[in-house]
Amino acid sequence: MPLSDYKIILDSPSGNPALGFDQAAEALKEIIESSRPQFAVGIFGTWGSGKTTLKDSGENFSIS
């Protein structure tokens, strides 16, 4: 199959997400801050499901 038959799809994190990522990031921050530090946090999902957008939303909150 020639390369011209393939299409490259770029996926960029949303700069202004509309699906409540800020609320999810804030809730995750509160869970992390109120828990004993004995765990790892993993964000799993299919390609394009918002993992990086959630991570970027979380960067807006300072975890102490």
Side-chain angles (χ1 to χ4, degrees):
M1 194 176 249
L3 287 178
S4 61
D5 290 345
Y6 292 94
K7 186 181 274 188
I8 297 175
I9 301 172
L10 301 176
D11 184 25
S12 299
S14 176
N16 189 18
L19 296 175
F21 283 93
D22 284 342
Q23 293 90 349
E26 180 66 30
L28 184 58
K29 172 190 172 251
E30 290 175 14
I31 291 168
I32 292 169
E33 288 184 334
S34 65
S35 300
R36 293 176 54 198
Q38 302 181 32
F39 58 90
V41 175
I43 301 171
F44 300 92
T46 59
W47 181 78
S49 63
K51 299 176 300 290
T52 302
T53 300
L54 178 61
K55 179 196 66 79
D56 290 348
S57 293
E59 290 177 357
N60 295 326
F61 304 106
S62 174
I63 298 174
S64 48

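In what follows, residues are counted from 1 in the order of the sequence shown. In this text, all values refer to a predicted model and were calculated from it rather than measured experimentally.
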Test of understanding: with side-chain contact (heavy atoms from CB on, under 4.5 Å), list the residues that count as partners of Thr46, not counting sequence neighbours.
Ser49
Roughly how far, to the nearest 0.5 Å, is the CD1 atom of Ile31 from the CD atom of Glu26?
10.5 Å
Mind checking what makes side-chain contact (heavy atoms from CB on, under 4.5 Å) contact with Ile43, not counting sequence neighbours?
Lys51, Leu54
To the nearest 0.5 Å, what is the distance between NZ on Lys29 and OG on Ser34?
10.5 Å
